[in-house]
There are 2 protein chains.
Amino acid sequence: MERESHLKRAARRMTKQKKTILEILRSTTSHPTADWIYAEARKVLPDISLGTVYRNLHVLKEDGEIMELNYGSTYSRYDGNPQNHYHFVCVNCGAVRDVDMPVLPELEKRAEEVGAGEVFYHRLEFYGLCPHCRKEKRM
Amino acid sequence: MERESHLKRAARRMTKQKKTILEILRSTTSHPTADWIYAEARKVLPDISLGTVYRNLHVLKEDGEIMELNYGSTYSRYDGNPQNHYHFVCVNCGAVRDVDMPVLPELEKRAEEVGAGEVFYHRLEFYGLCPHCRKEKRM
DNA sequence: AACTAAACAGTAACTATTGCTAATTGAAAA
DNA sequence: TTTTCAATTAGCAATAGTTACTGTTTAGTT
């Protein structure tokens, strides 16, 4: 008899809904929204619900199968410094801090060289544990 | 008599609400949310409304006084490629494309060197006109 | 002081996302 | 193969961030 452990990984099931969503995402590079994925999925599974799409997107992200493109949360943050500068986002506490390193214009040049388009500006964010949360986690 | 022109810039007024919001934003580096700004503003102007906060944030952003940190829209986009790679966001049509350039691990090293924290990964996005919109704008 | 369009407060509406519940189902065990 | 059961689902209600609307106020000009 095994004692319940917080290390125990929840068993994942491969459902046709999840499979469909993953196939849709893998077959495009257009970085679609949940709503678009939902519309596509309904072409294959007409009864799939939007909630299922969101739940599977979360699960797939958690398992490292896909990426979600936002700033760690769905609402906007505002920055009183309009000069371009880089940010560090703590994945634990959600804090957003400025990173004290110079902006690198050569990144934009490289992007233009590979045909990305006409670059006006760029954004760079680092994700990880801020010094405070890092200390807390260590024990 | 002057013909109405789409080039005419709307006259901006400096209201105490706008001034307060800008001061709040300029006095912090914590990248606050609209709601936090609203709460702070109410300490000075108890009757200010949340709508006013949002309206002024938009205006201030439009005038280049502040920055908004999101992916160009409030909802998430998903990416079927879980490998880190860079993105190009078209400010005109909103399309998100992959940028065909290698990921630069040294950026993370630099961020750690300046004390940002423990970096797990980073994200780099370029903003500008995609080749298609660029062609359209040119005439 | 008078004027007027910009901005306001208050509130309703909208939209992306999450939570809830009873029913269904994938996959492991029998 | 059948049984079993927790993971997952559909459908829908609820949240939450943001935007739109309306009548009133006000900054800045005349």
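Per chain, numbering begins at 1; letters A, B, ... match sequence-line order. Note that this is a predicted model, so its numbers are computed, not measured.
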Margin query: According to salt bridge (Lys or Arg N to Asp or Glu O under 4.0 Å), does anything in residues 100-119 of chain A pair up with another residue at least two apart or in another chain? List the pairs.
Written below: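 Applying salt bridge (Lys or Arg N to Asp or Glu O under 4.0 Å) to every pair that reaches into residues 100-119 of chain A, excluding sequence neighbours, yields A/E118-B/R134.
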Next item on the list: Please identify each residue that fulfils side chain to side chain donor-acceptor pair (under 3.5 Å) with A/K19, with sequence neighbours left out.
Entry: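 A/K19 satisfies side chain to side chain donor-acceptor pair (under 3.5 Å) with no other residue.
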In a table with atom names and distances, give each donor-acceptor pair under 3.5 Å that connects a side chain of residues 43-51 of chain A to protein atoms at least two apart or in another chain.
| from | atom 1 | to | atom 2 | distance (Å) |
| --- | --- | --- | --- | --- |
| A/K43 | NZ | A/E40 | OE2 | 2.9 |
| A/S49 | OG | A/T52 | N | 3.3 |
| A/S49 | OG | A/T52 | OG1 | 3.1 |

Can you give me the N/O atom pairs linking the protein to nucleotides 27-30 of chain C at distances under 3.5 Å, or say none if there are none?
| from | atom 1 | to | atom 2 | distance (Å) |
| --- | --- | --- | --- | --- |
| C/dA27 | OP1 | A/M14 | N | 3.0 |

Check: Who passes salt bridge (Lys or Arg N to Asp or Glu O under 4.0 Å) against A/E23, sequence neighbours left out?
Finding: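 So A/E23 forms no salt bridge (Lys or Arg N to Asp or Glu O under 4.0 Å) with any residue.
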Notebook entry, point to check: ring pair (Phe, Tyr, Trp, His ring centres under 6.0 Å) with B/F88: which residues, sequence neighbours excluded?
Noted result: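 B/F88 satisfies ring pair (Phe, Tyr, Trp, His ring centres under 6.0 Å) with no residue once adjacent residues are dropped.
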Check: Which residues pass the ring pair (Phe, Tyr, Trp, His ring centres under 6.0 Å) test with B/Y54, sequence neighbours left out?
Finding: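 By the ring pair (Phe, Tyr, Trp, His ring centres under 6.0 Å) rule, B/Y54 matches no residue at all.
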Item checked: Sequence-distant partners of A/T33, side chain to side chain contact (heavy atoms under 4.5 Å, CB included), two or more places apart ->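 For A/T33 the side chain to side chain contact (heavy atoms under 4.5 Å, CB included) partners, ignoring immediate neighbours, are A/D35, A/W36, B/Y75, B/R77.
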Check: For A/A111, which residues count as a side chain to side chain contact (heavy atoms under 4.5 Å, CB included) partner, sequence neighbours excluded?
Finding: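 By the side chain to side chain contact (heavy atoms under 4.5 Å, CB included) rule, A/A111 matches A/A116, A/V119, B/V99, B/M101, B/F126.
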Check: Rest of the hydrophobic cluster containing B/M14 (Ile/Leu/Val/Met/Phe/Trp/Tyr, side-chain heavy atoms under 4.5 Å)?
Finding: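 Via sub-4.5 Å side-chain contacts, B/M14 links to none.
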Next item on the list: Would you indicate whether A/H132, at its atom NE2, is surrounded by more than 12 heavy atoms from other residues, nucleotides or ligands within a distance under 6.0 Å?
Entry: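 Not more than 12 within 6.0 Å, no.
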Item checked: Five-pair end axes of the helix from C/dA1-D/dT30 to C/dA30-D/dT1 and the angle they enclose, rounded to 10° ->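 Here the helix ends are tilted 40° relative to one another.
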Sub-3.5 Å pairs of nitrogen or oxygen atoms, protein against nucleotides 18-20 of chain D:
| from | atom 1 | to | atom 2 | distance (Å) |
| --- | --- | --- | --- | --- |
| D/dT18 | OP1 | A/S76 | N | 2.9 |
| D/dT18 | OP2 | B/Y54 | OH | 2.1 |
| D/dT18 | O5' | B/Y54 | OH | 3.0 |
| D/dT19 | OP2 | B/H58 | NE2 | 2.9 |

Checklist line | Nearest-neighbour nucleotide for the B/S49 side chain, D/dA7, C/dG10, C/dC8 considered | finding: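 In terms of side-chain proximity for B/S49, the closest of D/dA7, C/dG10, C/dC8 is C/dG10.
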